[in-house]
2 protein chains.
Amino acid sequence: MYTHSAVTSANADFEGLICKGLGQRATSHIAAISVVQKLSPGRTLFSEGDAAENVYEVVRGTLRLYKLLPDGRRQITGFLSAGHLLGLAHEDCYLYTAEAITEVTLCRYPRARFVRMVDEVPGFARRLLDVTSNELCAAQDQMLLLGRKSAVEKVASFILTMAGRRGGQRSEVHIPMTRADIADYLGLTVETVSRTLTRLRQDGVIALQSACCIELRNPGRLEELGAGELAGDL
Amino acid sequence: MYTHSAVTSANADFEGLICKGLGQRATSHIAAISVVQKLSPGRTLFSEGDAAENVYEVVRGTLRLYKLLPDGRRQITGFLSAGHLLGLAHEDCYLYTAEAITEVTLCRYPRARFVRMVDEVPGFARRLLDVTSNELCAAQDQMLLLGRKSAVEKVASFILTMAGRRGGQRSEVHIPMTRADIADYLGLTVETVSRTLTRLRQDGVIALQSACCIELRNPGRLEELGAGELAGDL
DNA sequence: CGCAAACTTGATGTTGCTCAAGCTAGGTGG
DNA sequence: CCACCTAGCTTGAGCAACATCAAGTTTGCG
């Protein structure tokens, strides 16, 4: 998907955020190897075990990444929205499955050429290191959540994460994923997620406009719950 | 800790593994900013929230990294042995506490200078990216474990991880950490870890020479358990 | 309007936690 | 050298949080 109109970029439609702040030359380099790809809800981008041929960057929409146990138990390791990279951390095979939750737009980069840019494009390595470091921090927070938080604390933390993700200007949080996705992300069951949301609603901490739109009625309380500061309460 | 004897390295005692394969010049660069540091069992290297002034590399021994909830619940996010880096993934403050489990030898690098090398030393960024990627994969495996595995599956996985860490030639696995550490790593309690080890012993899967030395009597079975392939059994 | 998927709610069950003793082993001092 | 002491480990009994199983209800789409 090359265009001939723009001199400044080999790829006029290029929307990758990975090169933000890297300068014109670097951006051109990166844009030159990118291909835009779309994915409709529920479709699989790649599966655990597939040959890791591409690196992707999310431009729009939300994906879920997950791992499975042989008997079908699923752990979602993350929800990815605009600006996130995926497929980078692997040698030859993807180590998790990636599926679209909403309509998703991606930039696809051939893995080999993408990785080569680490040594060729100044500042690129540093950028990737930052991205990966942030992911690692998020993963560590998630370990604390999965290993040591109660159901209420998990759900509260989740709502706050979702609230922080987007502009978060108002107190309305949009939840694009199903209860099953949330459950598999938090190490709970669908029923427990549902019941916990109901309890939070009954306690006036949140309100549910619809299944996928949560209003924060008492963000302070939610914050305390998520942080694990209210051991016994609720 | 500079020595004058060696021309090839600014630092004859330097034992950092991070620069393995990076060539003489790069190694000198890295060695030049390193200081060797020792830590006795139980001592804290740094705490969650401390200013992140240094990056460390483990040369010998084992550390535990953990996060705490306000009421003292602890989640160990990893055990670090020789070759592992720590303190890299932070902007200004450490996001977890690092404590020595055994006698530990470290290489300390001033953070600012270490990070600067990413842009200056060829191949260094790539190396760091590899290290961080591997950590991220391990973190994702751990999320699957914490969120979806049963107690037996968690303990079996843990034993296998420990077995793979060292030479692992024989079937004897040395466990330097206490049951409490194991519990806080697996999202269990001390009692459950102990009971589970007892059950594995009674089933002939392992034998306990002492509290800190496990013999693998049926590695195949342990493998199946850890992978979650024996849903109901044991 | 009808259907299926997603969500909620209730009743019951089970895993792993809590609380409470004992036990073991390694280190210290008499 | 042995007795003690403590930290760590094991074991047991009872319990609670969350899972499971089973209906209903709501929602969105064809």
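Remember, predicted model here, so these are calculated numbers, not experimental data. In what follows, chains are A, B, ... by sequence order, proteins preceding strands, each numbered from 1.
In this structure, the CG atom of A/Asp184 is 13 Å from the P atom of C/dA6, given to the nearest Å. The distance from atom CG of B/Leu197 to atom P of D/dC9 is 10 Å, rounded to the nearest whole Å. Going from atom CG of A/Leu186 over to atom C1' of D/dA17 covers 16 Å, rounded to whole Å. At whole-Å resolution of the value, NZ in B/Lys149 and P in C/dG16 are 14 Å apart. Spacing between atom CG of B/Leu146 and atom C1' of D/dC18 amounts to 17 Å, rounded to whole angstrom units. Rounded to whole Å, the distance from CD1 on A/Ile175 to P on C/dA6 is 16 Å. Atom-to-atom, CD1 of A/Ile101 to P of C/dA5 comes out at 18 Å; the value is rounded to the nearest Å. Rounded to whole angstrom, the span from the CD atom of A/Gln209 across to the C1' atom of D/dT27 amounts to 16 Å.
Proximity of a side-chain donor or acceptor of B/Ser34 to a complementary backbone N or O of B/Ala31 within less than 3.5 Å is detected. Remark: the backbone N or O of A/Val152 is not paired with any side-chain donor or acceptor of A/Arg199 at under 3.5 angstrom.
Using a 4.0 Å cut-off, some side-chain N or O of B/Arg179 falls inside it from OP1 or OP2 of D/dT10.
Checked against C/dG16, D/dT20, C/dT9, the side chain of A/Thr198 finds its nearest nucleotide in C/dT9. The side chain of A/Thr189 approaches D/dA19 more closely than any other nucleotide in the set C/dT8, D/dA19, D/dC18. Closest contact between the side chain of A/Thr192 and the listed nucleotides D/dA19, C/dG16, C/dC7 involves D/dA19. Side chain of B/Leu208, nearest nucleotide from D/dT10, C/dT8, C/dG16: D/dT10. Distance from the side chain of A/Arg195 is smallest to C/dA11 among C/dA11, C/dC7, C/dT18.
As judged by a 4.0 angstrom heavy-atom cut-off over every strand, A/Leu188 is placed among residues touching the sugar-phosphate backbone only. Contact annotation for A/Gly187: backbone-only contact, meaning every heavy-atom pair under 4.0 Å involves sugar-phosphate atoms and none involves a base. Across all strands shown, B/Ser194 has heavy atoms under 4.0 Å from base atoms, whether or not it also approaches the sugar-phosphate.
For the pair B/Arg74 and B/Asp181, the salt-bridge criterion is met [side-chain N within less than 4.0 Å of a carboxylate O]. A salt bridge between A/Asp184 and A/Arg64 is absent, with no side-chain N of the basic residue lying under 4.0 Å from a carboxylate O of the acidic one. Using a cutoff of 4.0 Å between basic side-chain nitrogens and carboxylate oxygens, A/Glu103 and A/Arg43 are not scored as salt-bridged.
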Below 3.5 Å is the cut-off: list the nitrogen or oxygen pairs between protein and nucleotides 22-26 of chain D, distance only.
none

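Side-chain contact annotation: B/Thr44 with B/Ser47, donor-acceptor N/O pair under 3.5 Å absent.
Of the two residues contacting DNA chain C, namely A/Arg201 and B/Val193, the nearest-nucleotide position lying further toward the 5' end is that of A/Arg201. For the pair A/Ser210 and A/Ala151, nearest-nucleotide mapping onto DNA chain D gives the more 5' position to A/Ala151.
Applying the ring-ring contact (aromatic ring centres under 6.0 Å, His included) rule to B/Phe114 yields the partners B/Tyr109, B/Phe124; only residues at least two apart in sequence or on another chain are considered.
Between B/Tyr66 and B/Tyr96, the gap from one ring centroid to the other reaches at least 6.0 Å.
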